[in-house]
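The sequence lines fix the lettering, A, B, ..., with proteins before strands; numbering per chain opens at 1.
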Amino acid sequence: DAGITQSPRHKVTETGTPVTLRCHQTENHRYMYWYRQDPGHGLRLIHYSYGVKDTDKGEVSDGYSVSRSKTEDFLLTLESATSSQTSVYFCAISPGLAGGETQYFGPGTRLLVL
Amino acid sequence: GDSVTQMEGPVTLSEEAFLTINCTYTATGYPSLFWYVQYPGEGLQLLLKATKADDKGSNKGFEATYRKETTSFHLEKGSVQVSDSAVYFCALISTGTASKLTFGTGTRLQVTL
């Protein structure tokens, strides 16, 4: 299994508070991604990174920001959490085209915004 | 833009039955195609993939063939087991998109004895 962890695994927070989720990898892969999973929508890309300090938006980026100051860590921040951001968040990593483009997923973080 | 359409679930089968989960896609160029599986309470795992037309991906008895003429990548298994109960996601990566996956909505499979 790819070395990828997420923290916390579960979190309950209140509307309006900031929340940061962490993704950590030990594979030295170039690409990292944040997805959210909601019933009826599959997984939707929030933000992704193609290198240290290089990030870009996905299809559902509003209300979220990311940072990648080291190859191994990719942080997702909900600047002011809303109930619509209650979801399961997955981090994924990929070596990119040179590695067959396969993405490897973390175990997920279940977030409840009250 | 890119999109993936999967058959609606849930799919309920008896053990040893034949499984087909339909998947069709819309994409420019020549995407790579994937099936991921998610077991209860876990993250997604790659099940199989195909990177060019007429390629067949296979793993754990599951197979899918990349059909460019019908833009399809249907998942099949000849004899399902209770342990195959999970949610199955079809996905694609288009050329030059930083390896970003576009997912279908997932199909839940329930296998009973």
Please classify the contact of B/Gln45 with chain A as side chain, backbone, both or neither, using a heavy-atom distance under 4.5 Å.
neither
Pairs involving residues 39-69 of chain B, ordered by first then second residue, that meet ring-ring contact (aromatic ring centres under 6.0 Å, His included) (sequence neighbours left out)
B/Phe62-B/Tyr88
With a 4.5 angstrom heavy-atom cut-off, could you sort out which part of A/Leu45 is near chain B: side chain, backbone, both or neither?
side chain
When rounded to the nearest 0.5 angstrom, what distance separates OH in B/Tyr36 from CD in A/Gln103?
5.5 Å
So which pairs with a foot in residues 102-113 of chain B pass side-chain hydrogen bond (donor to acceptor under 3.5 Å, both in side chains), sequence neighbours left out?
B/Gln6-B/Thr107
Just wondering, do A/Phe105 and B/Leu101 contact through their side chains at under 4.5 Å, heavy atoms?
yes
Do B/Leu48 and A/Tyr104 land in one hydrophobic cluster if side-chain heavy atoms of ILVMFWY residues count as linked below 4.5 Å?
no
Mind checking whether B/Leu19 and B/Trp35 sit in one hydrophobic cluster, side chains of I, L, V, M, F, W, Y counted as touching below 4.5 Å?
yes
Report, as yes or no, whether the 6.0 Å neighbourhood of atom CD on B/Glu76 holds more than 12 heavy atoms from other residues, nucleotides or ligands.
yes
Select, from A/Gly40, A/Ala92, A/Gly42, the one with the greatest count of heavy-atom pairs under 4.5 Å involving chain B.
A/Gly42
In the structure I gave you, are the side-chain heavy atoms of A/Leu43 and B/Phe89 within less than 4.5 Å of one another anywhere?
yes
Establish whether A/Ile93 and A/Leu21 are linked, either directly or via other cluster members, by ILVMFWY side-chain heavy-atom contacts under 4.5 Å.
yes
Neighbourhood of chain B inside residues 48-75 of chain A, taking heavy atoms under 4.5 Å as contact:
A/Tyr48
Go through B/Lys100 and A/Tyr31 one step at a time and tell me if the side chain to side chain contact (heavy atoms under 4.5 Å, CB included) criterion holds.
CA-CA 9 Å; B/Lys100 292 183 291 181; A/Tyr31 295 94; over 6 Å; no
Looking at A/Arg44, I want to see if its CZ is surrounded by more than 12 non-hydrogen atoms of other residues, nucleotides or ligands under 6.0 Å.
yes
Are A/Thr102 and B/Phe34 packed together at the side-chain level, in the sense that at least one heavy-atom pair is separated by less than 4.5 angstrom?
yes
Excluding sequence neighbours, so at least two apart, what forms side-chain contact (heavy atoms from CB on, under 4.5 Å) with B/Thr70?
B/Arg67, B/Ser72
Assigning hydrophobic clusters by single linkage (Ile, Leu, Val, Met, Phe, Trp, Tyr; side-chain heavy-atom cutoff under 4.5 Å), is B/Leu46 placed with B/Ile21?
no
For the hydrophobic clusters of this structure (ILVMFWY residues joined by side-chain heavy atoms under 4.5 Å, transitively), does one cluster hold both B/Leu109 and B/Val4?
yes
Please look at A/Gln37 and chain B and tell me whether the side chain, the backbone, both or neither of the residue comes under 4.5 angstrom of a heavy atom of that chain.
side chain
